[in-house]
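Accompanying notes for the structure given below.
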Amino acid sequence: MLSALNSAQREAVTAPDGPILVVAGAGSGKTRVLTTRIAWLLEQGVHPGEILAYTFTNKAAREMKERVARQVGAQRAPFWIGTFHATGVRILRSHADRLDLPRDFAIYDADDQKRLLKGVLQDLKLDSKQWGIPASRVAISAWKNQDVGPEQALREASMYVDEVHAKIYTAYQQALRKCQAVDFDDLILETVHLLEQHDEVRQQYAGKFRHVLVDEFQDTNELQLLLIKLLSCIHGNVFTVGDDDQSIYGWRGARVENMLEFDEYFPGARTFRLEQNYRSKGHILDAANHVIAHNRHRKGKNLWTDQGLGEQVTVEQHLDAEDEAARVVEIVQQHRRGDVTVLYRTNAQSRLLEDALRRARIPHQVVGSVQFYERREIRDLLAYLKLVANPADEVSLQRIINQPKRKIGQTTVGRLIQCSRTHDLPVGDLVARPDLLATALGNAAARRVVGFLNRLADWRRDAADRKPVHELLQRIVADIDYETFLHQDEPDTAAGRMENVAELVSSAQAFHEGSDGGTLGQFLEQTALVADQDTIQDGDGAVRLMTVHTAKGLEFPVTIVTGCEDELLPHVTSSDTEAGVEEERRLFYVAVTRARERLYLLHASRRRRFGSYEDTLPSRFLGELPEDAIERRELDHGWQEPVARSLFGGPRKARAPRDLYSASSQAKRHRKDDWNADVAQSAQHYEGQLVSHASFGAGTVVRVEGDEVTVDFGEHGRKHILTRYAHLTPLD
DNA sequence: TTTGGGGAGGTTTTT
DNA sequence: CCTCCCCAAA
């Protein structure tokens with residue numbers, strides 16, 4: 001077990017009891033240390049139930065469990081391994097009686113939060129233009145992460161803005177509890193309160209967990225630190241692993257100080273350092289080391305490897321984001337698809353990349369926000385289930401009471417909720433009081449509402465009878481005739497959306513089979529807490545696309561970082577403070593250190609923003625790379641400065657300084673030829689030209705933009721075609 | 001109550 | 001460019 005470790009790792013793993021901080025550089029075997037530590041503890045006679053380990057994602061938790069099980073046997077694997085949030089839910093549910101919450105409280109995500117806040121702002125008669133929902137959300141979350149309640153926030157508000165936000169916070173918290181719901185921050189905050197306020201509960205957990213282990217410690221916030229301290233207050237065995245250079249969640253309250261000042265929070269702590277990197281080839285590591293050395297606020301470490309230099313890091317400039325995407329396709333084709341991962345700073349960048357990959361028919365998976373659980377149809381159906389599970393959930397009710405249309409509009413819903421408030425009854429339970437509804441809504445509207453609530457009552461009976469979640473879901477879909485609704489709503493996308501519905505049903509079925517008859521509440525909890533990373537489908541041979549944030553903790557043989565431009569990476573909104581730029585630099589460092597064998601850093605000279613092109617500069621981080629480790633290529637696209645641009649005052653910004661690009665002439669010539677070939681091909685088409693396409697038949701060219709040609713195929717509609725991939729034959 | 005047109009505004013990053 | 005929200009009309 002220990003023989004596979006180097007001496008530094010072994011020392012950390014076998015460290016005696018007490019607080020321990022392992023400063024583990026990127027790729028230095030952090031996960032291995034953590035899992036081996038657990039296995040080692042078990043071997044020392046620690047009981048599996050005495051170990052609590054925090055991971056950053058559920059996927060990481062699952063993998064850690066599996067690895068430990070492999071070392072010590074499945075029956076001896078610890079069962080308290082999970083994220084702060086998932087673990088919080090588990091603790092809160094079993095002590096719901098001590099809280100002001102029912103056992104099956106709902107968990108509100110960002111979207112639910114926004115909808116709830118919208119109502120709160122209306123109730124407070126605040127102008128939603130002046131008092132934005134995002135700003136309130138940020139303020140509330142910041143308070144919660146510092147363990148500041150609404151009263152305290154109000155008391156301490158020194159400025160008018162704070163005062164209003166504190167009032168919003170107060171009303172928001174009331175509304176949330178009225179819906180018998182908690183938000184993500186509450187999952188930690190309420191757990192902390194539970195442990196603080198109930199001695200016997202604290203004794204129970206702190207007594208049980210002899211060892212508390214924390215992964216990605218650099219990204220924990222004040223509240224999480226507090227929680228760790230509470231849980232370890234009896235035994236004091238805290239084993240944390242982190243890398244201050246990879247702290248990238250400062251914007252949501254993460255404090256690197258938890259790590260840098262570890263000794264203050266856990267007196268007598270011992271520190272271990274892991275600096276040998278087992279992941280990346282020499283040139284890649286060299287590049288990473290050079291860049292991160294530009295940060296002033298860091299403890300400082302130097303990763304090394306004995307793996308050899310490998311290939312140089314490729315840095316390429318492209319004309320625009322479309323060209324960059326085309327190049328991504330090309331790079332992918334030069335490697336094994338499943339080995340390649342494409343990274344970007346913002347989710348919005350994924351669209352173009354996805355389009356290019358789709359046109360080239362390259363299997364790919366976009367990991368992250370635009371995916372499954374964010375889709376409208378999925379959210380709608382989940383809202384039905386949430387309302388079934390929790391009849392007080394006003395946000396879900398508002399979402400679906402008129403979806404599909406039941407002639408129940410905003411006014412009626414407003415009165416309905418008012419009615420539930422005055423009589424202090426959950427909205428769903430008003431079904432038992434048609435008399436109240438009739439007075440509050442009038443007869444006609446009341447009849448429609450009762451009709452809906454009756455249906456809801458049927459589903460609730462099903463759920464109470466422990467009907468499997470997927471069967472319940474299928475019944476709901478049938479009862480509301482969802483398929484017809486989708487077709488009427490948006491005929492073009494109905495089929496695709498119905499596929500998503502089917503996927504949701506099968507995931508519910510998988511849950512039912514996998515959880516040995518899990519409840520509806522458990523299913524919803526699981527869907528609420530999925531992290532982006534949890535959705536990665538391993539081993540399917542597809543290219544993966546994700547944000548740099550999502551890629552944290554992962555590694556890929558071939559990594560392509562796109563959009564390495566100033567104002568994007570580093571992002572504009574973080575560029576004006578030193579702390580901001582340093583966090584962006586850490587983000588860039590995380591991106592670079594994901595790569596094992598091969599790293600490409602791409603940037604474009606111009607990029608569309610809100611529809612129109614804006615000129616860009618290469619990221620300042622590219623200028624911080626060591627020349628020996630990189631190969632810079634400037635690609636000649638045969639591109640000329642558009643006349644219009646110079647007429648209107650020229651480019652907003654200067655072009656990239658030439659001397660950044662002293663590429664080897666061989667490589668340059670090679671690339672140039674490729675590119676010119678593409679450009680030459682696209683020049684064959686012009687507006688009004690008659691062309692033929694392999695699957696769409698004959699059509700007329702409507703627009704030519706580079707090699708992207710828009711063609712009207714009559715009954716097949718207008719299509720955007722990249723001539724690089726789909727050939728168009730001229731008919732004239 | 002629904003619908004559509006018009007207009008404004010929006011892009012960090014996530015459990 | 002797209003999405004969302006508001007308002008007026010049916």
Side-chain angles (χ1 to χ4, degrees), chain A residues 54-61 82-89 107-111 113-115 118 122 128-129 132-134 137-138 141 144-145 182-189 216 219-221 223-224 247-254 321 343-352 367-371 373-374 376 401-414 444-445 448 488-489 525-535 546-552 563 567-575 580 583-584 586-588 590-591 607-614:
Chain A
Y54 282 121
T55 58
F56 210 67
T57 63
N58 303 299
K59 187 172 179 251
T83 64
F84 278 96
H85 298 270
T87 312
V89 178
I107 299 166
Y108 275 9
D109 64 14
D111 188 72
Q113 258 183 318
K114 281 182 208 148
R115 285 163 182 268
K118 203 177 141 197
Q122 274 163 10
S128 64
K129 290 211 174 65
I133 290 170
R137 226 165 60 85
V138 168
S141 178
K144 287 190 174 182
N145 281 320
V182 300
D183 61 25
F184 279 126
D185 296 324
D186 281 341
L187 291 177
I188 320 273
L189 185 60
E216 306 282 7
D219 281 321
T220 52
N221 64 28
L223 212 48
Q224 287 162 335
S247 158
I248 55 173
Y249 282 101
W251 51 273
R252 64 170 200 202
L343 302 180
Y344 36 79
R345 173 68 233 262
T346 65
N347 285 302
Q349 291 167 251
S350 70
R351 226 218 207 102
L352 227 42
V367 181
S369 75
V370 212
Q371 38 114 40
Y373 288 101
E374 308 267 324
R376 209 164 61 236
I401 193 166
N402 204 29
Q403 187 91 347
K405 309 271 182 249
R406 298 186 181 93
K407 296 192 163 53
I408 302 172
Q410 264 316 303
T411 3
T412 307
V413 175
R448 294 193 286 265
Q488 285 163 356
D489 187 52
E525 179 181 311
Q526 191 186 277
T527 58
L529 297 177
V530 277
D532 287 344
Q533 251 191 38
D534 299 335
T535 64
M546 65 186 88
T547 65
V548 183
H549 281 92
T550 300
K552 185 172 93 149
E567 311 225 313
L568 192 56
L569 182 57
H571 199 269
V572 228
T573 46
S574 311
S575 300
E583 179 151 317
E584 296 288 315
R586 290 193 291 270
L587 197 55
F588 185 74
V590 167
R607 189 174 288 274
R608 274 200 158 94
R609 235 179 97 78
F610 299 141
S612 56
Y613 279 115
E614 284 185 22

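Proteins come first, then strands; the chains are lettered A, B, ... in the order of their sequence lines, and each starts at number 1.
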Send over the distance from A:Arg609 CZ to C:dT3 C1', rounded to a whole Å. 16 Å
Looking only at B:dT14, B:dT1, B:dT3, the nucleotide nearest the A:Lys407 side chain is B:dT1
What nucleotide, of B:dT15, B:dT1, B:dT14, holds the atom closest to the side chain of A:His549? B:dT14
Using a 4.0 Å heavy-atom cut-off across all strands, classify A:Thr412 as base, sugar-phosphate, or nothing. sugar-phosphate
Considering every strand and a 4.0 Å limit on heavy-atom distances, what is the contact class for A:Asn402: base, sugar-phosphate, or nothing? sugar-phosphate
Between B:dT15, B:dT2, C:dT3, which one does the side chain of A:Arg351 approach most closely? C:dT3
Measure from OH on A:Tyr344 to P on B:dT13 and round the result to the nearest Å. 10 Å
Taking atom P of B:dT13 as reference, at what distance in whole Å does atom CZ of A:Phe588 sit? 19 Å
Is the ring centre of A:Trp251 under 5.5 Å from the base ring centre of B:dT13, and are the two planes under 30° apart, so that they stack? yes
Could you tell me whether A:Thr57 contacts a base, only the sugar-phosphate backbone, or nothing, with contacts defined as non-hydrogen atoms closer than 4.0 Å? nothing
One should read off an interatomic distance between A:Leu529 CG and A:Asn58 CG, to the nearest 0.5 angstrom, of 6.5 Å
Of the options A:Leu343, A:Asn347, A:Leu587, which is the one that meets A:Thr547 in a side-chain contact (heavy atoms from CB on, under 4.5 Å)? A:Asn347
Indicate, with a heavy-atom threshold strictly under 4.0 Å, whether A:Thr346 touches base, sugar-phosphate, or nothing. sugar-phosphate
Parallel, tilted or perpendicular, as decided by the 30° and 60° cut-offs, for the rings of A:Phe184 and A:His85: perpendicular
Could you give the CD1-to-P distance, from A:Ile401 to B:dT2, as a whole number of Å? 11 Å
When the C1' atoms of B:dT13 and C:dC4 are compared, how many Å lie between them, rounded to an integer? 22 Å
5'-most contact on DNA chain B (nearest-nucleotide basis), A:Ile248 vs A:Ala445, goes to A:Ala445
Quick one: A:Gln113 CD to B:dT15 P, roughly how many Å, whole number? 14 Å
Separation of B:dT15 P from A:Gln526 CD (nearest whole Å): 15 Å
Donor-acceptor contact present, side-chain A:Thr412 to main-chain A:Ile408, <3.5 Å: no
Just call it for A:Tyr249: base, sugar-phosphate, or nothing, with non-hydrogen atoms closer than 4.0 Å on any strand. sugar-phosphate
A:Arg406, CZ: over 12 other non-hydrogen atoms inside 6.0 angstrom: yes
